[in-house]
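Below is one structure, written out as structure tokens, with a few remarks after it.
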Amino acid sequence: MIYAANFKTNHTRKSTHAYIKALNEKLSVKKPDDKVYIFPPSTALDGYKGDFTIGVQNAYPAYNGAYTGEIGLEQLDEFDIKTILIGHSERREYMAETQEKVAVKFAFFQEQGFEIIYCIGEPLEIREKGFEAVMKYLLAQFNGIDIHYENLIVAYEPIWAIGTGRSATVEEISTTHRALKKVINGKPLLYGGSAKPANIKEIASIAGVDGVLVGSASLDAESFSQMIL
């Protein structure tokens with residue numbers, strides 16, 4: 001299983017150091033095949049050590065340059081970061097990242113050999129139109145994306161279940177994952193959307209779910225470690 005913690009705009013460098021120290025004490029007994037990813041805010045990036053991978057939530061598709069407010073490959077190289085989240089619904093919505101922009105970013109970091117966790121998901125109004133509408137919406141988010149890329153992990157996050165406390169039903173997750181698995185050629189497929197200690201066993205038992213991308217429930221090291229262990 002893959003367990004990915006997306007801190008979003010939470011935690012500082014100091015609190016992230018404390019978090020990782022606490023998490024490291026727990027991970028000593030995790031299953032050997034389980035993989036853990038942590039995506040802190042950019043200001044908290046550092047040379048952390050442990051049985052996990054540090055990734056970046058976002059970066060600009062350039063080595064460096066005149067891109068005010070962005071971080072590029074030069075800054076990521078300082079911390080030997082080679083993993084990135086791309087396509088998260090919050091960036092699509094709040095930062096107006098179009099599919100074209102997302103595809104350009106994907107292509108750049110693919111060329112750099114990054115491990116990419118690529119996020120897709122649908123809003124509630126699409127889900128309510130039925131499964132056919134859902135799949136049409138999700139498949140459009142693969143436009144310009146190389147689904148054969150060897151370092152690709154896909155994360156399915158129903159937007160209506162992110163931060164709302166509402167998870168998709170087992171049937172909704174199972175049906176969607178089963179259909180997506182056929183599209184992404186067996187690449188790892190994570191579920192994201194209010195995953196937490198209380199429902200992780202149920203989610204992890206669903207066929208086609210290879211892991212979880214966790215938001216608010218990952219902000220506390222104890223909570224996140226309960227999901228892993």
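- Residues Gln99 and Arg92 form a side-chain contact, since some pair of their non-hydrogen atoms from C-beta on lies under 4.5 Å apart.
- Using a 4.5 Å heavy-atom cutoff, the side chains of Val134 and Lys129 are not in contact.
- In this structure, Glu111 contributes its side chain and Phe108 its backbone to no donor-acceptor pair below 3.5 Å.
- Looking only at distances, no side-chain donor or acceptor of Asn24 sits under 3.5 Å from a matching main-chain atom of Lys21.
- Here the CD1 atom belonging to Ile228 is positioned 12.0 Å from the CD1 atom belonging to Ile2, to the nearest 0.5 angstrom.
- Taking the six-membered ring wherever Trp is involved, the centroid distance between the rings of Tyr37 and Phe52 does not fall below 6.0 Å.
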Leu138/Tyr156 under side-chain contact (heavy atoms from CB on, under 4.5 Å): CA gap, chis, key distance, verdict: CA-CA 9 Å; Leu138 294 179; Tyr156 166 62; 3.8 Å; yes
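- With rounding to the nearest 0.5 angstrom, the OG1 atom of Thr16 is 11.5 Å from the CG atom of Leu23.
- Each side chain to side chain donor-acceptor pair (under 3.5 Å) pair with one or both residues in residues 59-72, not counting sequence neighbours, appears once here: Asn64-Glu74.
- Put simply, the side chain of His11 gets close to the backbone of Leu219: a donor and an acceptor are under 3.5 Å apart.
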Could you walk me through whether Glu115 and Lys82 pass the salt bridge (charged side-chain N to carboxylate O under 4.0 Å, His left out) test, one step at a time? CA-CA 6 Å; Glu115 187 171 34; Lys82 297 290 288 184; over 6 Å; no
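- Inter-residue side-chain proximity for Val183 and Val154 is flagged as unmet; no heavy-atom pair is nearer than 4.5 Å.
- Under a 3.5 Å cut-off, the side chain of Asn10 and the backbone N or O of Phe7 do form a donor-acceptor pair.
- Applying the side chain to side chain contact (heavy atoms under 4.5 Å, CB included) rule to Ala217 yields the partners Lys196, Pro197, Val214, Ser223, Met227; only residues at least two apart in sequence or on another chain are considered.
- Within the 4.5 Å cutoff, the side chain of Tyr137 has heavy atoms near those of the Pro123 side chain.
- Cluster annotation: Leu189 is connected to Ile147 through the hydrophobic network of ILVMFWY side chains, with a link wherever side-chain heavy atoms come within less than 4.5 Å.
- Rounding to the nearest 0.5 Å places CD1 of Ile206 at 6.5 Å from OG of Ser174.
- Contact annotation: the side chain of Phe79 never approaches that of Ile54 to less than 4.5 Å [non-hydrogen atoms, C-beta and beyond].
- A distance of 9.5 Å separates CG of Leu152 from CD1 of Ile86, quoted to the nearest 0.5 Å.
- With Tyr191 contributing its side chain and Ala204 its backbone, the two residues share no donor-acceptor pair below 3.5 Å.
- Glu172 contributes atom CD, which lies 11.5 Å from atom NE2 of His177 (distance to the nearest 0.5 angstrom).
- Residues Ile81 and Leu85 fall into different hydrophobic clusters, defined by Ile, Leu, Val, Met, Phe, Trp and Tyr side chains chained together at heavy-atom separations under 4.5 Å.
- With Asp46 contributing its side chain and Tyr48 its backbone, the two residues share no donor-acceptor pair below 3.5 Å.
- Here the straight-line distance linking atom CG of Asn6 with atom CG of Leu213 works out to 5.5 Å at 0.5 Å rounding.
- Gln57 places a side-chain N or O within 3.5 Å of a backbone atom of Phe39 that can act as its donor or acceptor partner.
- Tyr3 contributes no side-chain N or O that, together with a main-chain N or O of Ala5, makes up a donor-acceptor pair within less than 3.5 Å.
- Using a 4.5 Å cut-off on side-chain heavy atoms (C-beta onward), Ser42 and Ile71 make contact.
- Checked against side-chain hydrogen bond (donor to acceptor under 3.5 Å, both in side chains), Glu97 has the following partners two or more places apart in sequence or in another chain: Arg91, Lys105.
- A heavy-atom distance below 4.5 Å is not found between the side chains of Ile84 and Ile117.
- Remark: the backbone N or O of Thr53 is not paired with any side-chain donor or acceptor of Lys35 at under 3.5 angstrom.
- A salt bridge does not link Glu150 to Lys187: none of the charged side-chain nitrogens sits closer than 4.0 Å to a carboxylate oxygen.
- The backbone N or O of Ser194 sits less than 3.5 Å from a side-chain atom of Asn199, completing a donor-acceptor pair.
- Using a 4.5 Å heavy-atom threshold, the side chains of Ile116 and Asn151 count as separate.
- Under the ring-ring contact (aromatic ring centres under 6.0 Å, His included) test applied with Phe114, the options Tyr149, Phe109, Phe106 reduce to a single match, Phe109.
- Of the options Glu171, Glu122, Arg127, a side chain to side chain donor-acceptor pair (under 3.5 Å) to Thr176 is made by Arg127 and by none of the others.
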